[in-house]
Amino acid sequence: MSRFDRDADSRASYPDDFRLRSPAQQPYTTLYFNPPTAYTCPPAAIPPPSSILAANGPPSHLAGCGPKTFTPRSGTPVSSKFPTSDMLQIAREISPPPLRRSQARTEPQTLTASNTGPSTVLQRHDTPIQTTQLATPPSRSSRASTVQKHWNEADLASALQDLLRGVRQDHSRLVTQAIEATAPIEWRVQHGANLFEGLGNGPVPHRKGETMRIKFKQHLKARKDAREEHHEIIAIKTMKDRVPRYRFHHVDIKKNVLTANTMLTFVPHLRDLDSSEESKYNLWLKELEEIDTKSGFKPMNREEKVILTIQTERAATVSLYLDTWLDKLGIPNCTKSALVAYMASQDLDDNIAPQKKTDIIRSSRETTDGDPTSLESRKAAALFTNAFKRAFDNNDMALASKIELRRILLLEESVDGVLDPKPVAKDAAPIPQGDVDEITEAHLATYSILGCLICYSHSCDHGEYDNKNLKRTFSLAAVMPLADLLRQRRRRLITEDADTRENELPKKLVLGQSQLDGVGYGLFTAEDLAQDDFVIEYVGELITHDEGVRREARRGDVFDEDSNISYVFTLLENEGIWVDAAIYGNLSRYINHASEHDRTGSNITPRILYVNGEYRIKFTALRDIRAGEELFFNYGENFPNLTKKLLDTKTGEKPAVPRKPGRPPQSAANKGVARKAPKLEQKKLERKKPTAKRRRRRTVANGGEDEEEDMQAPYISPLNRPVKRKRGLAKLDSDDDSYHMRGATTRRQWQESIAEDEDDLGEEGTPNGGVRTRRSLRARASQTPTKVDKSKVAGRRGGARPGSGRPRKHPRPVPKATPETAQAARRLRESPQNPPWLDSSNESPRTTRQRRAAQDASDEIQDSDDWSTGGEDAPPRAHRRDSQEGEEEEDEDEEEAVGESEEEEEDQDEEKAMEKGTRKEAQAKEEEEKEEEEDEEEEEEDDQDVVVRKRLDRATRNRRPPAKFRGDDF
Ligand SMILES: C[S@@+](CC[C@H](N)C(=O)[O-])C[C@H]1O[C@@H](n2cnc3c(N)ncnc32)[C@H](O)[C@@H]1O
């Protein structure tokens with residue numbers, strides 16, 4: 001299931017603010033398995049825990065063995081003879097323990113499940129459940145004696161349906177239990193007024209203008225059937241800053257998807273869609289389906305996917321009960337192994353390869369259940385299979401309600417092991433002893449298909465990220481043995497949270513020229529930081545991995561690809577969610593990389609937190625940091641090239657930085673040392689012949705004026721014009737007619753120099769300053785520049801790296817300096833360790849420019865006060881980017897104009913040839929040309945693919961690795 005479907009799914013069932021509600025408000029009734037009405041299952045359907053304990057011994061986790069004995073995938077014990085999964089164990093254990101004195105309540109409490117109708121009443125977990133479950137269970141043999149020995153298909157089907165109702169009831173109790181187990185037992189408010197007091201009332205009758213309507217979306221239900229409730233509106237007034245929103249405006253993304261054959265135009269995620277967006281979203285899904293179809297796949301539509309997911313989840317749940325069911329039904333010779341063997345032998349549609357079928361049957365024989373392939377076993381298995389089909393997989397049922405026995409049996413470990421062999425529990429790390437946090441983490445690491453502790457789904461957005469940034473869903477195994485541990489921990493965290501909240505204010509930070517040579521800006525602290533202090537939040541646009549790759553590729557192409565500057569941060573590695581701070585961001589984007597082994601080493605570290613339903617990144621200090629120190633964090637292993645050393649002195653003396661191989665120095669380039677022209681381009685160039693047709697076409701299109709203009713247009717050397725973007729790879733692979741070396745002024749010279757360059761430069765060089773032909777001499781016909789605009793040339797490497805380009809066209813509005821920032825600046829000036837940007841002696845003009853920009857910026861730094869979004873920063877940045885891109889377009893026109901003039905040269909040649917040659921020859925040539933043109937167009941398309949692929953590759957290489965996470969926050 002795709003992330004989006006999953007989101008859609010979870011949106012359907014689990015409101016965003018799920019975690020913030022009190023237990024009484026928890027929407028457990030929206031969970032998938034909850035029954036719509038009160039349960040009618042006989043109490044005997046749920047065997048009491050003690051019977052299981054008597055029969056099988058204690059579940060391993062209760063016996064202190066921890067989850068080591070469970071496989072992470074199926075939850076089935078590996079070593080013990082314990083026949084059921086831990087989920088089933090928990091299901092059996094949900095009968096509450098005897099009340100402890102402290103928990104005892106004088107009056108039994110009830111919870112009303114609001115969406116199951118007012119009549120459904122669920123008992124709190126800490127109130128004894130008034131059923132026979134608490135009675136001493138019948139022994140296994142006595143239970144077996146009560147079951148029917150001779151089944152017919154119809155009776156068996158109806159017994160199975162009863163058992164399924166029991167599963168639902170179990171599930172409902174589990175949810176209650178789990179919610180209670182994880183609910184905070186103390187409110188966050190430790191002192192002062194509890195702002196949430198009085199909240200949590202149920203729905204009220206609708207009063208126009210006074211109540212708030214809440215609509216519940218449910219997939220597979222028509223919109224008109226959506227449930228609605230009305231609630232009182234209670235305003236909470238507080239002087240505290242609200243936690244800032246961290247929303248991604250995915251509509252904006254549309255204009256940011258820039259590469260030529262991009263498929264995604266709309267990427268919604270992580271939030272509910274507005275109704276206007278929903279239609280776009282559906283359209284987008286449809287487009288994706290069409291693309292799949294065109295590519296030869298048979299895509300499922302969204303509804304089918306939802307149904308498949310539901311079916312799979314139901315099958316997974318029933319699989320956990322299958323053993324108990326068989327035990328209860330007591331069908332002679334009907335064991336799980338027999339069912340598996342029967343399933344494998346009956347799999348007629350060749351879903352399983354013949355060899356695998358044999359392996360499955362063989363592995364089922366290895367159990368101690370007797371011979372699963374005997375005639376009796378086969379008969380019993382056939383009876384059960386047919387009854388199961390009748391009960392849960394018949395034609396009268398809605399698709400989503402069907403449960404296939406085959407799907408359940410495929411989940412069996414023996415079958416799964418044959419079909420998809422992979423390492424299991426023995427690889428699990430040993431459970432650490434001692435530290436509460438570590439034990440908790442380790443228990444939670446028993447992630448399995450058992451599902452989420454909160455919603456019991458297998459594909460939800462709840463869960464934790466461990467220190468490797470891998471998502472773990474809570475294991476059900478964690479519920480019972482760990483409930484106390486979790487409580488303990490939560491209590492501690494809540495207390496700590498309240499204590500540290502005051503220290504969680506963002507710090508005064510200033511932007512400056514980094515101490516790393518040639519790296520551009522860096523971020524410095526203007527006040528002393530204590531270890532573990534919160535420093536700043538990393539904010540930016542929330543984008544998908546694909547979009548991030550596109551953007552990186554695009555930036556590398558448009559701006560300076562050699563600098564590899566990157567502002568993306570991998571927020572959720574597995575989900576492919578990145579934060580891009582390039583356009584919308586705050587000061588945190590200027591923090592440079594240092595590894596632990598560098599001279600200063602990283603002094604801060606990012607942590608990913610789950611805040612009010614959103615994942616956010618905060619930086620904390622790794623050690624005490626003095627005011628004036630530059631901040632660094634470790635970007636991770638994917639950035640091996642970030643090896644700039646700290647400057648030894650502050651005098652502006654720069655250590656020699658080795659030049660990149662294959663890249664000629666700027667001066668050499670200006671002298672006309674071109675890089676190698678790509679073979680493809682050269683080939684094209686050689687065979688490209690002028691065509692009369694092309695010439696005529698242009699002349700007609702421009703009322704006959706173009707030709708004259710073209711003739712007059714001087715050939716502009718790429719050297720003599722401002723080039724802001726690097727064509728590099730894009731040009732190497734791309735379509736256009738020709739490349740022009742720097743300094744070459746005629747076509748012949750250029751061709752000659754290409755030949756020389758090929759010898760000189762080898763494979764590394766790529767053409768720069770390439771020229772696109774066609775279109776738009778018109779754009780500059782009247783003002784063909786013949787002079788070099790030096791200021792523009794100077795700014796050509798600008799762009800992605802702030803401050804390194806030309807001065808802003810549209811400077812940011814500079815907020816007034818606050819007393820704090822003024823004081824911070826003074827302190828920094830007075831500091832014996834003045835950061836290098838304050839020392840202006842011996843600096844280059846570029847450094848001066850950077851320094852000035854830094855000073856401007858340091859005045860305007862309010863980001864650290866407004867630690868939320870950097871939103872104020874954003875519009876001017878976006879503007880700046882727009883303006884740059886606008887200029888690039890101008891340049892492109894210029895390039896094209898240059899190309900036009902070249903093409904006109906060709907046309908003149910052609911005209912002469914036409915005059916000389918016979919008409920026939922000319923016609924033949926023209927036809928040849930036409931073919932070539934068509935070929936080129938095709939090539940153009942192919943080339944574009946190559947370009948995009950290359951850019952994507954490059955961007956993938958450059959992407960930032962997962963951030964570090966110390967997972968001790970719930
Ligand atoms: C998030 S930006 C940091 C701010 C950046 N220095 C600027 O001026 O905008 C990350 C980029 O800075 C550069 N960078 C950061 N740390 C570096 C290091 N230790 N060595 C070389 N380049 C570094 C790389 O180009 C990287 O992609």
Side-chain angles (χ1 to χ4, degrees), residues 509-524 535-541 548-549 551-556 559-571 578-606 617 619 630-647 654-655 657-660 797-805 808 835-837 846-847 849-854 856-858 861 863 870 873 877 880-881 884 954-961 963:
L509 306 170
V510 284
L511 185 63
Q513 188 185 347
S514 172
Q515 296 168 72
L516 304 179
D517 185 34
V519 164
Y521 278 176
L523 191 63
F524 297 75
V535 183
I536 189 171
E537 179 180 9
Y538 197 91
V539 299
E541 285 176 273
V549 169
R551 288 186 182 191
E552 293 270 274
R554 165 75 177 173
R555 282 174 197 144
F559 301 102
D560 186 351
E561 75 188 19
D562 288 337
S563 72
N564 270 341
I565 211 140
S566 166
Y567 295 99
V568 292
F569 191 110
T570 310
L571 178 60
W578 293 7
V579 177
D580 180 7
I583 302 171
Y584 296 88
N586 63 5
L587 284 179
S588 62
R589 67 173 154 197
Y590 299 113
I591 305 173
N592 286 312
H593 157 87
S595 79
E596 288 71 31
H597 316 295
D598 288 349
R599 223 181 86 191
T600 51
S602 46
N603 46 17
I604 59 171
T605 188
I617 307 154
F619 284 102
E630 182 170 353
L631 301 174
F632 297 100
F633 76 99
N634 192 342
Y635 288 5
E637 291 147 11
N638 288 7
F639 282 80
N641 55 339
L642 299 186
T643 53
K644 295 269 162 52
K645 296 279 178 295
L646 279 178
L647 282 174
K654 293 179 183 176
V657 180
R659 196 164 51 77
K660 283 198 174 184
R797 283 174 61 89
R801 189 169 63 217
S804 63
R808 285 163 201 254
W837 79 89
R846 179 161 172 248
T847 318
R849 264 201 317 282
Q850 283 187 341
R851 180 172 55 77
R852 287 201 184 122
D856 286 352
S858 79
I861 290 160
D863 304 46
D873 220 9
R877 278 210 154 263
R880 188 174 75 115
R881 174 61 58 86
Q884 278 179 347
R954 188 181 61 221
T956 312
R957 275 201 309 279
N958 291 341
R959 60 187 270 228
R960 185 165 293 187

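In listed order, ligands and their atoms are each counted from 1.
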What are the two closest non-hydrogen atoms of [X] and [Y], and how far apart are they?
X      : Y      : answer
Ile604 : Phe619 : CD1-CD2, 3.7 Å
His593 : Asn634 : CE1-OD1, 3.2 Å
Ala594 : Gly601 : CB-C, 3.9 Å

Any nitrogen or oxygen of [X] lying under 3.5 Å from a nitrogen or oxygen in ligand 1? Just yes or no.
X      : value
Arg589 : no
Ser566 : yes
Val519 : yes
Tyr567 : yes

Check: Would a 4.5 Å heavy-atom cut-off, applied to side chains only, mark Thr605 and Phe633 as touching?
Finding: no

Any side-chain heavy-atom pair from Arg551 and Val568 closer than 4.5 angstrom?
no

Counting heavy atoms under 4.0 Å, the part of Leu516 that contacts ligand 1 is side chain

Note: Tyr635, heavy atoms under 4.0 Å from ligand 1, region reported as side chain

- Task: Look at the aromatic rings of Phe569 and Tyr538 and report parallel, tilted or perpendicular, splitting at 30° and 60°.
- Result: tilted

Item to complete: Consider ligand 1: state whether an atom of it lies below 4.0 angstrom from any non-hydrogen atom of Leu523.
Response: no

The atoms of ligand 1 lying under 4.0 Å from a heavy atom of Asn592, numbered in the order shown, are 3 (C), 4 (C), 5 (C), 6 (N), 12 (O), 14 (N), 15 (C), 16 (N)

Numbered in order shown, the ligand 1 atoms found under 4.0 Å of a heavy atom of Gly520 are 8 (O)

When Asn592, Leu523, Ile591 are each screened for side chain to side chain contact (heavy atoms under 4.5 Å, CB included) with Ser514, the one that passes is Asn592

